[in-house]
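Since the structure comes first, as structure tokens, the remarks are kept for the end.
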Amino acid sequence: MSIVTDIKKAAAKALQALYNVNINEADVLVNSTKPEFDGDYTIVLFAFVKQLRKSPEILGKEIGDYLMANELQLFSRFNVIKGFLNLTIKDTYWLHFLSSQYNNAAYGVQAHNGTRVMVEYSSPNTNKPLHLGHLRNNFLGWSTAEILKASGNEVVKTCVVNDRGIHISKSMIAWQWFGNGATPENTGIKGDHLVGDYYVMFNNEYKKEVEQLISKGASKEEAEQQAPIMEAARQMLVDWEKGKPEVRDLWQKMNSWVYKGFDETYQRIGTDFDKVYYESNTYLLGKDLVEEGLQKGVFYRKEDNSVWVDLTADGLDEKVVQRKDGTSVYITQDIGLAEQKQKEYNIQQSIYVVGDEQNYHFKVLKLICQKLGLPSADGIHHLSYGMVELPTGKMKSREGTVVDADDLLDEMVKIAAQKTEELGKIKDFNEDELKELYNTIGIGALKFFILRVDPKKRMVFNPEESIDFHGFTAPFIQYTYARIKSILRKENSAIQAANTGNVLLPLEKELIVQAEQFPTIIAEAAEAYDPSKVAVYIYNYAKTFNSFYTEHSVTNAESAEKKNLRLQLCVLTAHIIKTGMCLLGIEVPERM
RNA sequence: GGCCCCGUAGUUCAAUGGAUAGAAUAGAAGUUUCCUAAACUUUAGAUACAAGUUCGAUUCUUGUCGGGGCUACCA
């Protein structure tokens with residue numbers, strides 16, 4: 001139960017008592033009071049003015065008087081400016097909150113509420129290594145899953161590996177043609193990068209062949225169709241589907257290189273899954289649902305034997321769900337997998353972390369599932385995120401303008417090391433500790449940079465300028481944490497639960513007010529599937545702590561009560577920072 | 001062509017229809033006998049444009065201009 005909820009309840013009660021009107025507490029608008037006014041929280045009165053036919057000033061005064069008289073434990077004073085009723089909460093309320101929660105390391109985390117949610121994220125193709133765009137997906141998916149857990153859901157993290165299809169066939173062909181038996185072992189190249197190199201080689205060769213054919217008089221379309229390497233890749237896909245042993249062996253071998261490479265990267269960035277689906281196992285799912293859909297009249301068959309769904313009544317197009325040759329298209333297996341997930345895990349919600357270029361696809365997917373009456377249908381939610389762009393524009397693999405994930409992580413750690421050494425505070429760190437610290441700072445900075453932005457929005461990553469360790473960044477927050485821990489290491493004496501005095505200085509109070517909001521923030525972030533809410537909150541909270549830290553001494557506080565109070569504040573702040581950063585997948589160092 | 005999304009300080013990001021549009025960074029000026037200056041304090045700087053709805057619009061509606069995405073019997 002949050003203080004804001006209490007205020008809303010009290011306001012609804014006041015309105016009932018004073019004017020005999022029934023106002024839903026959810027309709028009472030309560031904001032944080034702007035710093036330039038006196039108060040902690042503000043009730044916005046405009047909404048009631050018309051209905052009650054009273055001026056905002058009088059309304060505010062009457063409600064304020066009522067609250068002072070009837071909610072003695074909550075409010076100490078109020079003022080009314082225009083339509084805003086500014087309320088000040090009693091210091092004793094805040095002090096009690098602090099004393100009761102400071103020692104709760106799990107503060108902000110809710111108990112299980114019985115809802116089970118699946119979060120599908122990462123879902124890579126196995127023909128090339130991860131790049132910056134995949135990192136946003138991974139950070140977002142992992143963090144959203146953790147936030148959902150913290151707000152009381154049981155979460156199943158899952159990944160659908162796109163391990164079959166024309167893309168991997170391309171890498172395989174290029175490897176056969178140009179590889180000379182290259183392996184990660186004999187080249188020293190990380191497996192996913194090695195396979196990606198052959199994908200690039202495929203495209204280079206393909207381009208060359210197309211140009212040659214065009215110079216011999218073929219049209220562009222003909223050339224693209226007839227290029228020998230493309231024909232070979234298509235044949236390889238056919239052979240794969242037939243289960244031709246050599247092809248399957250090569251496929252397995254090359255995929256295993258990729259998985260090993262991915263695992264390394266995943267480990268570095270903390271990505272993990274409870275369940276992994278492979279498309280080579282799931283791509284035939286959904287075929288029976290096509291039959292079912294035909295019987296239910298959701299789908300219809302055209303003369304050429306292809307099967308369609310008509311979504312024009314819902315403002316969308318007609319969509320094919322089975323080709324005329326009887327093979328299924330991408331969306332068919334998605335429908336099948338949606339059903340499979342539901343059957344296997346009995347989930348209430350199924351979240352797909354996928355880029356916004358697939359908005360239409362997921363609209364269609366959900367609609368079809370609903371029309372088929374699948375129990376999982378209404379729980380489908382596309383967590384759509386914007387592309388990561390470079391200052392020069394969108395990243396394109398073919399034009400070589402991708403920021404490789406492994407390279408970027410290396411670069412971040414390198415810069416973290418360099419900046420840390422410049423500051424010269426690490427004399428008593430050993431080598432392992434330094435390595436860990438550089439990882440914590442460098443990878444933390446990257447995660448925070450990406451997660452602090454609203455997922456829905458496109459974002460720009462500038463390799464030169466985006467790598468910052470000051471201001472609105474993870475290292476800022478990590479530094480705040482390290483300074484708190486430094487204080488707490490020095491203060492061995494037990495912190496008392498009581499004995500915190502009864503008056504709060506402005507910065508002491510501000511810290512508690514913000515701390516009290518933490519569970520609400522987590523709930524909002526979970527509701528919106530938006531880790532940036534947590535990132536912004538933790539940053540602001542750390543900022544308040546830094547002001548407090550500069551202004552007031554903890555160890556040399558002016559009285560024993562103040563020292564005890566501030567130690568409680570330190571402990572609570574450390575817990576909140578650690579928990580909040582943990583929800584973002586970012587570690588916090590004891591020293592830095 | 002049709003459908004969808006986005007235009008906020010030089011730059012990168014905020015702002016459930018609410019008070020004087022917040023941060024960070026880059027710029028200017030300060031703070032270290034005192035718990036870590038990766039910090040703190042002060043300062044200057046923005047809602048693409050035009051109408052409309054409203055007591056009140058960055059937010060909702062319409063139009064203009066600018067940017068992006070989707071619109072495959074590809075995945």
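Everything numeric in this text was worked out from a predicted model, so none of it was measured. Just so you know, these numbers use all the heavy atoms, side chains as well, and skip hydrogens, waters and symmetry mates.
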Between A/Glu357 and A/Arg458, is the salt bridge (Lys or Arg N to Asp or Glu O under 4.0 Å) condition met? List the steps. CA-CA 11 Å; A/Glu357 58 204 352; A/Arg458 277 183 286 156; over 6 Å; no
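The base of B/rC40 does not come close enough to the side chain of A/Thr550 for any donor and acceptor atom to sit less than 3.5 Å apart. On a pure distance criterion of 3.5 Å, no polar donor-acceptor pair joins the side chain of A/Ser553 and the base of B/rC34. Remark: the A/Thr473 side chain and the B/rA24 base include no donor-acceptor N/O pair separated by less than 3.5 Å. Counting atom types as modelled, A/Ser532 pairs no side-chain N or O with a base atom of B/rA14 as donor and acceptor under 3.5 Å. For A/Asn546 against B/rA38, a side-chain-to-base donor-acceptor contact under 3.5 Å is absent.
Remark: ring of A/Phe37 stacked against base of B/rA19; centroid gap under 5.5 Å, plane tilt under 30°. Residue side chain A/Phe84 meets the stacking definition with respect to B/rA19: its ring centre sits within less than 5.5 angstrom of the base's six-membered ring centre, and the planes differ by less than 30 degrees. An aromatic stacking contact between A/Phe476 and the base of B/rA38 is absent, as defined here by ring centres under 5.5 Å apart and ring planes under 30° from parallel.
Surrounding NZ of A/Lys302 are more than 12 heavy atoms belonging to other residues, nucleotides or ligands, all under 6.0 Å away.
One atom, OH of A/Tyr330, and another, P of B/rC74, lie 14 Å apart when rounded to the nearest Å. The distance from atom CH2 of A/Trp240 to atom P of B/rA75 is 12 Å, rounded to the nearest whole Å. Note: NZ (A/Lys34) to P (B/rA19) measures 5 Å, nearest angstrom. One can place CD1 of A/Ile166 at 20 Å from P of B/rA72, the figure rounded to the nearest angstrom. Rounded to an integer number of Å, the gap from A/Ile331 CD1 to B/rU71 P is 11 Å. Counting to the nearest Å, the C1' atom of B/rU41 and the NE2 atom of A/His552 are 14 Å from each other.
Every residue two or more places apart in sequence or in another chain was checked for a ring-ring contact (aromatic ring centres under 6.0 Å, His included) with A/Phe262, and none qualifies.
Residue contacts for A/Lys363: at a heavy-atom cut-off of 4.0 Å it reaches no nucleic acid atom on any strand shown. Within the nucleic acid shown, A/Met592 comes within 4.0 Å of at least one base atom, counting heavy atoms only. Residue-level contact check: A/Ser547 touches the backbone only, with heavy atoms under 4.0 Å from sugar-phosphate atoms and none from bases. Among the heavy atoms of the strands, none lies under 4.0 Å from A/Asn125. Among the atoms of the strands shown, only primed sugar atoms or phosphate atoms (P, OP1, OP2) are found under 4.0 Å from some heavy atom of A/Lys543. The residue A/Glu524 sits apart from the nucleic acid: no heavy atom pair falls under 4.0 Å. No contact: A/Phe461 has no heavy atom under 4.0 Å from any strand. Here A/Val536 lies out of heavy-atom contact (under 4.0 Å) with every strand. Contacts of A/Asn86 with the nucleic acid, taken as non-hydrogen atoms under 4.0 Å apart, include base atoms. Residue A/Ser466 is classed as having no contact, given no heavy-atom separation below 4.0 Å to the nucleic acid. A/Asn359 comes within 4.0 angstrom of nothing in the nucleic acid, heavy atoms only.
Nucleotides B/rC5 and B/rU59 are separated by 15 Å at their P atoms, to the nearest Å. Distance noted for atom P between B/rU36 and B/rA19: 40 Å (whole Å). Nucleotides B/rC13 and B/rU8 are separated by 10 Å at their C1' atoms, to the nearest Å. When the C1' atom is used for both B/rA24 and B/rA38, the distance is 14 Å, rounded to whole Å. The separation of B/rU62 from B/rU53, taken at their C1' atoms, amounts to 11 Å, rounded to a whole angstrom. Taking atom C1' in both B/rU58 and B/rG7, the straight-line distance is 11 Å, to the nearest Å. Here, B/rU61 and B/rA23 have their C1' atoms 31 Å apart, quoted to the whole Å. The gap from the C1' atom of B/rG45 to that of B/rG18 amounts to 25 Å, rounded to the nearest Å.
Among the nucleotides B/rC13, B/rC70, B/rA19, the one closest to any side-chain atom of A/Lys82 is B/rA19. In the set B/rA19, B/rG18, B/rC34, B/rC34 carries the atom at the smallest distance from any side-chain atom of A/Asn556. Listed nucleotides: B/rC73, B/rC13, B/rA75. Nearest to the side chain of A/His167: B/rA75. Taking the side chain of A/Glu36 as heavy atoms from C-beta on, and the options B/rU71, B/rA75, B/rA19, the nearest nucleotide is B/rA19. Of the candidate nucleotides B/rA38, B/rU12, B/rC73, B/rA38 has the atom nearest to the side chain of A/Tyr479.
A/Lys563 has a carboxylate O that lies under 4.0 Å from a charged side-chain N of A/Glu491, or vice versa, which qualifies the two as a salt bridge. Classification of A/Lys533 and A/Glu524 as a salt-bridged pair fails, no side-chain N sitting under 4.0 Å from a carboxylate O. Using a cut-off of 4.0 Å between Lys/Arg side-chain N and Asp/Glu carboxylate O, A/Asp454 and A/Lys456 are scored as salt-bridged.
The distance between the ring centers of A/Phe449 and A/Phe461 falls below 6.0 angstrom.
Annotation: of the two residues near RNA chain B, A/Phe548 and A/Lys394, the 5′-most nearest-nucleotide partner is A/Phe548.
Between the A/Asn281 side chain and the A/Tyr277 main chain, no donor and acceptor come within less than 3.5 Å of each other.
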